Amino acid sequence: MLQEESDLSLIIAQIVQKLKGSSLYAQLERQAWASLQRPEIRLESLKEDIKEFFKISGWEKKLQNAVYSELNVYPLPSHPAAPPEHLKEPLVYMRKAQGSWEKRILKSLNSMCTELSIPLARKRPVGQQKELLNKWNEMGTDEPDLSLFRPVYAPKDFLEVLINLRNPNYENGDSLSFRTHLGLIQVPLKVKDIPELKECFVELGLNTGQLGIDDSTQVPPELFENEHVRIGQKVLAEQDSAAAQQYIRQGSPTALRAELWALILNISSQPEDILYYEQLKTNVIQHDLLVDSLIYKDVKLTASNDDYYFVFEDYLYQVLLCFSRDTSVLGHFAYNSASPPKSYIRGKLGLEEYAVFYPPNGVIPFHGFSMYVAPLCFLYHEPYKLYQTFREMYVRFFFRLHSISSHPSGIVSLCLLFETLLQTYLPQLFYHLREIGAQPLRISFKWMVRAFSGYLATDQLLLLWDRILGYNSLEILAVLAAAVFAFRAVNLMEVTSLAAAEAVLADLSTLKVMPLLQIFLFATVT
Amino acid sequence: PFSLQNQNYKCHGSSKGKEREQRASIRFKTTLMNTLTDVLRNRPGWVEVKDEGEWDFYWCDVSWLRENFDHTYMDDHVRINHFRNHYELTRKNYMVKNLKRFRRQLEREAGKLEAAKCDFFPKTFEMPCEYHLFVEEFRKHPGITWIMKPVARSQGKGIFLFRRLKDIMDWRKGTAGKKFASLEAQPARAPTATVNPSGTHDTRSSDDQKDELPVENYVAQRYIENPYLIGGRKFDLRVYVLVMSYLPLRAWLYRDGFARFSNTRFTLTSIDDQYVHLTNVAVQKTSPDYHPKKGCKWMLQRFRQYLASKHSPQAVEALFSEIDNIFIKSLQSVQKVIISDKHCFELYGYDILIDQDLKPWLLEVNASPSLTASSQEDYELKTCLLEDTLHVVDMEARLTGKEKRVGGFDLMWNDGPVSREEGAPDLPGMGNFVTNTHLGMQGRWEVGVPGGAGGIQHSTV
């Protein structure tokens, strides 16, 4: 009992500490002062009256949303004596692996830099600055020579690292048994099985209405859709983050999605935020970073070639270039197993006073990175809104897809979850694919790293991401990957090579995700 | 679908249905070498004939039609893919004329409100004969942008934008110049429409016919300066409408289509850059920015979804309803002029532009929409479109005549509006009337597609 209480007070203290630095705190303070003018505020019962005022005026709700947001994003302190690395990643061997992976990436970046004799960063001459400012809304028309640039790494490079991950404390024994894991990932992390997943994703059950299933044209809207939309509007009117998160587990109506996501991610477009974005834009104009070329290259290679996202090319530059300069992103490294790469001012190698994070936000883009942003262009078209949403999605979810950690939503756990589901519930398929040299993870890895962006049709992707937000977890990506394999199992059993297996799973654009998930979790005989 | 015993529902096409001869094989002819040939050759029971062989079905081009239709005898069952004088709808100057006339008629019969429903066509003037009227309008709105288009050319050829009368002086000095000069010398008068013995709709007076120079007719049209932009780019919509007859008017609307994007960002500062303003794929293909791997098209479904995430469902519904209105009114305006021959059907490609107020505008109607595929997705769209067209034409005499939907086509107009509900009476006066159109909504792969032997299998998940 005492432990819980002290835990709770620790949590509260931590949250208060965080919020004290936010603009919400300043606003609440201002509001409190302003409210003193009001007739209903009396000196004798000052505290209660102000609290009442906050409740009525909606400020309490805002505070509630902010607290809820903090609870969602920041992991709870495990033990008061735990060092900060434990918050990032409790397992030592994982931390070590992440560290060496980062070293490799940085080495690759530095060697590209030396090869091409391009500085990591430089100030733009005034003429170029003017030019860029004029072209800000159509950077896609630029065709800089990017042939010498290569992406720093691609998902498959990362997969190799994960495959070689081992826990030095774990002795598997050489003999094969029914417990042996036949997949590529060989670390002993706890993952959920279907009964546990059913509990976790209870709202996706067969008896609950879903958008993505119960809104198809054959189903009369009175049965589910109309009511669901009505509730959604109510949730938005109440501006309640927690309610929105619960609501969105059943999917978001297209017309409400932009607002709902903003509410769940606790994004409000205050003038400070717009100003902050403009500041970042100025940074982009003034300084040229090497990562900018990497971003250009990535957009040109991936999003510009996509049948649907090519239209949004310009927005992607506007978001990603600013993102790489946003030092507020550094905050997420407190709970990310990764650490921002450090670079040194020329000639001052090793001197800590001259160390800077590079890029300023500490995130080095890889091949396909721009696909995290592309689907959001369907929802927001003001650059600052788009930017805020992407940044929030990144520091809550996407970072876990390319850093090595033991977190249940981390990519390692997702891979293991995927493989375990397949091996346990589709053993014949799994064994067959393994025999022909087509380990399933080799095909599904890229889907999960990109959170399926660019593989699914946009409307389906957005329904999937609704659930990521709703459950505050990425596990659904692994479940969907397994469900896709289950769906195409018949064809996959016939193939005899990895290439053929890839071909069967090359086109996911016709898939409907919600029926797939539902069938896999709730309608398959286990 | 359940029993269609609704007396209020009118049949369409060949109500003779099963009485029609079931032919052993259907001889088709075409000169096109693209998606169409693939579709025709793959159709079971259809046999290709070439050169002088007798045919039951001919997908011809308009030049053949112009030269041969009038002296070709066709049996009752024979079908051909154009109406004799389709240009009443598809040539920009004739379409304008017909629409203006129809509008006046509507105003007389049903009042100003009803007539206003025809205001989906930007103000257009025929050149050179309406030059003076054009100048009057031009002077009323100084500074706006106008677009000059040749009436009969396609694929964006010969089009340019201008803002000052000076800009068209040079153009006037060209082939059309002498024409203008002669016109300006004469007092302005309303163009007389004379129908020549050869059947061509010709507005030249007998004096001008003496001119040796072939005059190309143009239209000057008010340019829509506030187009709806996606990703900063301008786009237009290509929608397919299949007309099976004009008297009575029976028209089908295809659910799929696409939005064609301009490769460059929209700006009014450079009206010389035709690549910015013209969205035809043909023009975009020659733009230096064009990368063939990059499609510049969105399927209509995607477009509709995009709109749905930005605007209220009512606004989106209203937009698509206004688009339906464009089809109906434009077809009605030429209904009495086009020679309705039972052998003829026509698949039109409508080009629609949306402005920032979500108002749709009609750019033009094409009698021979391109059937060449620019990508795999495009190939699939056009294949399905053509297969479904052939289903509706129904050479195999399989349809009952009561269908409201065949493949991806919805019966949009059957001598009157058609209701979406199964078995419901088609009376627009009734409160719950919803028209039977599904533009940009789920495609043809749904349960219960009637009349479909052959055709592509689609999984539903």
Side-chain angles (χ1 to χ4, degrees), chain A residues 135-143 213 216-218 221 225 229 252-259 261 300-301 303-316 318 374-381 457-460 462 483-484 487-488 507 509-516 518-519, chain B residues 229-235 255 258-267 269 273 275-276 287-289 291-299 301-317 374-378 380 420 438 441-443 445-448 458-461:
Chain A
K135 261 205 325 238
W136 182 256
N137 288 324
E138 40 178 65
M139 283 185 272
T141 50
D142 235 358
E143 296 278 333
I213 299 176
S216 75
T217 46
Q218 286 108 320
E225 201 179 351
V229 172
S252 165
T254 319
L256 304 179
R257 186 175 276 127
E259 282 183 69
W261 282 26
K300 289 279 182 217
L301 283 178
S304 298
N305 274 333
D306 186 288
D307 281 336
Y308 290 108
Y309 299 130
F310 71 88
V311 176
F312 303 119
E313 191 182 340
D314 297 325
Y315 292 154
L316 298 180
Q318 292 174 27
L376 301 174
C377 296
F378 258 77
L379 298 176
Y380 307 99
H381 57 269
T458 315
D459 60 322
Q460 295 301 310
L462 293 173
V484 172
F487 181 61
R488 300 229 170 129
D507 182 11
S509 57
T510 50
L511 295 182
K512 302 262 182 280
V513 305
M514 296 320 299
L516 276 183
Q518 230 181 31
I519 292 173
Chain B
L229 302 177
I230 295 183
R233 291 181 219 224
K234 181 176 165 178
F235 65 94
R255 291 181 181 195
F258 42 88
R260 299 176 295 198
F261 286 90
S262 149
N263 228 0
T264 43
R265 285 62 180 161
F266 181 77
T267 164
T269 52
D273 186 353
Y275 299 116
V276 173
S287 153
D289 281 335
H291 296 280
K293 241 176 128 195
K294 250 201 289 197
C296 39
K297 292 188 191 179
W298 264 11
M299 290 295 127
Q301 269 190 58
R302 232 13 119 245
F303 169 69
R304 190 162 184 152
Q305 270 160 20
Y306 178 87
L307 280 187
S309 65
K310 292 250 154 63
H311 303 274
S312 72
Q314 293 79 17
V316 177
E317 197 62 49
S374 60
S375 71
Q376 180 59 24
E377 198 179 37
D378 200 40
E380 279 168 24
R420 197 180 273 186
H438 301 81
M441 286 163 68
Q442 277 191 300
W445 34 90
E446 269 185 40
V447 175
H458 289 278
S459 56
T460 49
V461 173

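Chain letters run A, B, ... following the sequence lines, proteins first and then strands; every chain starts at 1. This structure is a prediction, so every number in the text was calculated from the model and none was measured.
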Rounding to 0.5 Å, atoms CG (Asp307(A)) and NZ (Lys297(B)) come to a distance of 11.0 Å
In terms of heavy-atom pairs under 4.5 Å with chain B, the winner among Tyr315(A), Phe378(A), Phe312(A), Tyr380(A) is Phe378(A)
task = Decide yes or no for Thr254(A) and Gln305(B): does some side-chain heavy atom of the first lie under 4.5 Å from some side-chain heavy atom of the second?
result = no
By salt bridge (Lys or Arg N to Asp or Glu O under 4.0 Å), Asp314(A) pairs with (sequence neighbours left out) Arg265(B)
d(Trp298(B) CH2, Tyr309(A) OH) to nearest 0.5 Å is 9.5 Å
Closest heavy-atom pair, Val311(A) versus Ile230(B), reported as atoms and distance to 0.1 Å, is CG1-O, 3.2 Å
One should read off an interatomic distance between Arg233(B) CZ and Phe310(A) CZ, to the nearest 0.5 angstrom, of 6.0 Å
Cut-off 4.5 Å, heavy atoms of chain B, and the answer for Asp459(A) is both
Here the salt bridge (Lys or Arg N to Asp or Glu O under 4.0 Å) pairs for residues 303-315 of chain B, sequence neighbours left out, are Arg304(B)-Glu317(B)
